[in-house]
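Please read the structure below before turning to the comments.
These values consider heavy atoms only, across backbone and side chains, with no hydrogens, waters or symmetry-generated copies. On a predicted model such as this, the values are computed, not experimentally measured, just so you know.
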Amino acid sequence: MSKINIIRGFADLYSPESALYTLMEDTARRVFGAYGYGELRIPIMEYTELFQRSIGAETDVVQKEMYTFPDRKGRSLTLRPEATAGIVRSYIENNCHAREEISKFFSFGPMFRYERPQKGRMRQFHQIDCECLGAHEPQADAEVLLMLMHFLRDLGLTELQPEINTLGCGECRPAFRKVLSDFLRGLDPESLCENCRRRLETNPMRVLDCKVPSCQEHTAGAPRILDHVCADCADHFSVVRDILDRSSVPYTLNPRLVRGLDYYMRTTFEVVSTAIGAQGSVAGGGRYDGLVSQLGGPEVPGIGFACGMERLALMLADKRTAEQATSAPDFYIAVLDAGATDSALMAAQTMRAAGLAGELSFAAKSLKSQLRQASRLNADYCLMLGQEELAARNIIVKHMGSGEQVAIPLVSLGDWAEIRHDDKLQRQRKGNYL
RNA sequence: GCGGAUGUAGCUCAGUUGGCAGAGCACCUGGUUGUGGCCCAGGGGGUCGUGGGUUCAAUCCCCAUCAUUCGCCCCA
C-alpha cells in the first residue's frame, strides 16, 4: 500500500515543540484574564459571505487564499482565514451589546489560508486573538496595545516593539487616498516597481509599505496620512500616543504602516521581528469601528489584534524554552525476560501512584541496551525485573548516579516509591528557596 | 501564481569527469566494564523521491512530475 501524506502546509506538532503552544495559551489566559478578557471558542468554519463582507471582497485573502467549498446542500462555506469576523458574527448573533456595554474576548485556534508555505507561514496556522467591543475611547486602543506587549513580555520576548499609525476614518481617508494617488501619479512610472504600479490602481496606500528600496526612495516625500486625518482622528491618535509615551512601553511611529484587511481604521499597529526570516510580522491589529454594523449588527466600535503563534514559537524556540518544559523521569524499568513485562507494568503503576514519573521497556532487549536507554532518558533509578527476581518476589533498584543497587520486595515497592517521592519534593523545595 | 535550493540507510548527511552504494548516530551480537554511559570487533538494513529519455552502462547527464525548504507576493 502506498502511504498517505499530510496536506501541504499543514503540520504535525510533536513534543517538546508542542509545549511552546501550551505555554503561549497558558500565558494568554493569565495575562488577558487579568484585563477582564474571557475566552471565546468559535467554529473554524463560517458562511463565505461573512469573510467577503468583513475582510473585503477585493483583498488577496478573500480573492485567492481562502479554503472555500460548498456543503452538501450547496451553501458556500469557508475555513476561517482569521478570527475577528467570526467573533463579531457571534457577538451580533448573541446580542452581546444588549447584555454588556463592553465585551472583551480572547480566542485561539487554527486559521487557514491557501498560500505558498515557507518559514513562519503555514496553510493551517494558529493565532491568538483579542477583541474589545463597545469602547470607542482612545484609552481602549492604548490598553489593547499595552496588553499585547504585556503578553509578549511575559513570554520573555522583551526585545519586541510595536509600530503604530493611524489610518483615519471613513470621513478623512478617502480624501487622503486622493492626495496620495495624485502624488504617485505625478511620479515617473519607471521609479516604481511592477507591483506598485499595479497597486496604484487597486490600493494606493499599499505602495507606502512596499519593501523595494527604490520605491521607498521615490516615495520618501509622499504625503503622510497623519497630516491629512480629520480633527477627531488626530485627537484620538494623540491621546493614544500620549498614554504610550507615559507608559514604559517603547514604540515607533510608522506613517507608512497600513493594514491588509479592509475593516481597519484609525489606530493601527504591528509588531515585527527581524529575527525569524521574511515572515516577520508577529502580531497586528487596530480599530474597526464600522465592522459590527457592516455585518448587520448595531453601531458598536471595536479594537483588537491577532498574534501569529508559529512566529512566536520560532522566537521562543531560539530561547530554548521548549527544553525547560520537559523534565527527567524518576525511573526506568528494564525487563530482563519477556514473561516479566506485565509485572513490570504493575510495578510502574505502583511507582506512578506514589507520584514518581517514569517508563518501562516493553521489549525484553539486552540489559546493556536497556541500561543505556535509562541513562539516555536521564532517569534517576533503573529497576530491573526478570524471572529470577519474580521467583524471589523482588525487584532490583539501581541508582544511576552512584551505581548502588538493592533488591526491594515487590510488596514494599510502593513504600519505597513514596519515600523517594517525599525526598524529591524536599529537594525541589530546597532548590526553590536556594 | 512566480523564482532559487534540496530529495541517497530509521536519523543527519557524504559520494561518483557516468562503471558493484558510503560515513556518523541509532539498532542487533560479542569483547571490556563491579550487569551502564567510554572503548574495541562484528552484523542487519537502501527500488539513491517517482516516471520517461540519452548511453554498452544513470544515483550522477537531459525532460517531466511529486515532495521538502527558502524567497517574491500576501499576511499574523
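- Residue A:Ile396 is the one, among A:Met309 and A:Ile396, whose nearest nucleotide of RNA chain B lies closer to the 5' end (criterion: closest heavy atom).
- Distance check, rounded to the nearest 0.5 Å: CD of A:Glu270 to CD of A:Gln161 gives 14.0 Å.
- Rounded to an integer number of Å, the gap from CZ of A:Phe10 to P of B:rU69 is 14 Å.
- For the C1' atoms, the distance from B:rC75 to B:rU6 is 26 Å, rounded to whole Å.
- Picking from B:rC70, B:rA76, B:rG31 the nucleotide with the shortest atom distance to the side chain of A:Lys119 gives B:rC70.
- Spacing between atom CZ of A:Arg123 and atom C1' of B:rC73 amounts to 14 Å, rounded to whole angstrom units.
- A distance of 10.5 Å separates NZ in A:Lys104 from OH in A:Tyr35, rounded to the nearest 0.5 Å.
- As judged by a 4.0 angstrom heavy-atom cut-off over every strand, A:Arg121 is placed among the base-contacting residues.
- Donor-acceptor pairing under 3.5 Å, judged by distance alone, is absent between the side chain of A:Lys398 and the base of B:rG34.
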Canonical and wobble pairing (Watson-Crick, G-U, under 3.5 Å) of RNA chain B, dot-bracket with | = (((((((..((((.....[..)))).(((((.......))))).....(((((..]....))))))))))))....

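- Residue pairs meeting the side chain to side chain donor-acceptor pair (under 3.5 Å) criterion with at least one member in residues 377-392 of chain A, sequence neighbours excluded: A:Tyr381-A:Arg420.
- Counting only distance, with no hydrogens or angles, the side chain of A:Arg287 and the backbone of A:Thr267 share no donor-acceptor pair below 3.5 Å.
- Comparing the same atom, P, in B:rC28 and in B:rA64 gives a spacing of 46 Å after rounding to whole Å.
- Qualifying side-chain hydrogen bond (donor to acceptor under 3.5 Å, both in side chains) partners for A:Arg30, counting only residues two or more places apart in sequence or in other chains: A:Asp154.
- Between the CZ atom of A:Arg311 and the P atom of B:rC70 there is a distance of 12 Å, rounded to whole Å.
- Separating the CG atom in A:Leu50 from the OG atom in A:Ser90 is a distance of 10.5 Å, to the nearest 0.5 Å.
- Atom NZ in A:Lys368 sits roughly 12 Å away from atom P in B:rC40 (whole-Å rounding).
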Got a list of protein N/O to nucleotides 46-48 of chain B N/O distances below 3.5 Å?
none

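- The nearest whole Å value for the distance from the CE atom in A:Met205 to the C1' atom in B:rC74 is 17 Å.
- Where A:Gly120 and A:Ser402 meet RNA chain B, the nucleotide closest to each residue was compared, and A:Ser402 sits on the side nearer the 5' end.
- Put simply, CZ on A:Arg259 is 13 Å from P on B:rC74, counting in whole angstrom units.
- For the P atom pair drawn from B:rA21 and B:rG46, the interatomic distance equals 13 Å after rounding to whole Å.
- For A:Gln118 and B:rG71, the shortest distance from a side-chain N or O to OP1 or OP2 is below 4.0 Å.
- Distance, A:Gln279 CD to B:rC70 P: 10 Å, rounded to whole Å.
- Residue pairs meeting the salt bridge (charged side-chain N to carboxylate O under 4.0 Å, His left out) criterion with at least one partner in residues 335-350 of chain A, sequence neighbours excluded, are absent.
- At a cut-off of 3.5 angstrom, the base of B:rC74 holds no donor-acceptor pair with the side chain of A:Arg206.
- The side-chain contact (heavy atoms from CB on, under 4.5 Å) with A:Glu131 is formed by just one residue from the set A:Tyr288, A:Phe106, A:Tyr37; it is A:Tyr288.
- Applying the side-chain hydrogen bond (donor to acceptor under 3.5 Å, both in side chains) rule to A:Thr268 yields the partners A:Arg259; only residues at least two apart in sequence or on another chain are considered.
- When the P atom is compared between B:rG49 and B:rG10, the two are found 13 Å apart, to the nearest whole Å.
- The residue A:Gly285 sits apart from the nucleic acid: no heavy atom pair falls under 4.0 Å.
- Qualifying side-chain hydrogen bond (donor to acceptor under 3.5 Å, both in side chains) partners for A:Gln63, counting only residues two or more places apart in sequence or in other chains: none.
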Atom pairs under 3.5 Å: protein N/O with N/O of nucleotides 25-28 of chain B:
{"unit_1": "B:rC27", "atom_1": "OP1", "unit_2": "A:Arg376", "atom_2": "NH2", "d": "2.8"}
{"unit_1": "B:rC27", "atom_1": "OP2", "unit_2": "A:Arg372", "atom_2": "NH1", "d": "3.4"}
{"unit_1": "B:rC28", "atom_1": "OP1", "unit_2": "A:Ser369", "atom_2": "OG", "d": "3.3"}

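- A:Phe125 comes within 4.0 angstrom of a nucleotide base, judged by non-hydrogen atoms across all strands.
- Going from the C1' atom of B:rC40 to that of B:rU47 covers 36 Å, rounded to whole Å.
- Pairs of residues two or more places apart, or lying in two chains, that qualify as side chain to side chain donor-acceptor pair (under 3.5 Å) and include a residue from residues 366-375 of chain A are A:Ser361-A:Gln370, A:Ser366-A:Ser369, A:Gln373-A:Arg376.
- Other residues, nucleotides and ligands contribute only 12 or fewer heavy atoms inside 6.0 Å of the OH atom of A:Tyr114.
- Within residues 106-116 of chain A, the residues approached by RNA chain B to less than 4.0 Å at the level of any non-hydrogen atom are A:Arg113, A:Glu115, A:Arg116, in residue-number order.
- Whole-Å rounding puts the A:Asn5 CG to B:rU65 P distance at 18 Å.
- Taking the six-membered ring where tryptophan is involved, the planes of A:Tyr67 and A:Phe10 are perpendicular, since the angle between them exceeds 60° and thus also 30°.
- Between B:rC73 and B:rG15, the distance separating the two C1' atoms is 38 Å to the nearest Å.
- Residues meeting the salt bridge (charged side-chain N to carboxylate O under 4.0 Å, His left out) test with A:Glu359, sequence neighbours left out: none.
- Among the nucleotides B:rC75, B:rU69, B:rA76, the one closest to any side-chain atom of A:Arg8 is B:rU69.
- Listed candidates were B:rU32, B:rC72, B:rA76. Nearest to the side chain of A:Ala278 is B:rC72.
- For the P atoms, the distance linking B:rG51 with B:rU59 amounts to 11 Å, nearest Å.
- Rounding to the nearest 0.5 Å places SG of A:Cys132 at 11.0 Å from CZ of A:Phe305.
- Rounded to whole Å, the separation between the C1' atoms of B:rC70 and B:rC61 comes to 26 Å.
- Residue A:Gln405 is classed as a base contact, given a heavy-atom separation below 4.0 Å to a base.
- Pairs passing the salt bridge (charged side-chain N to carboxylate O under 4.0 Å, His left out) check and including a residue from residues 115-126 of chain A, sequence neighbours excluded, read A:Glu115-A:Arg121.
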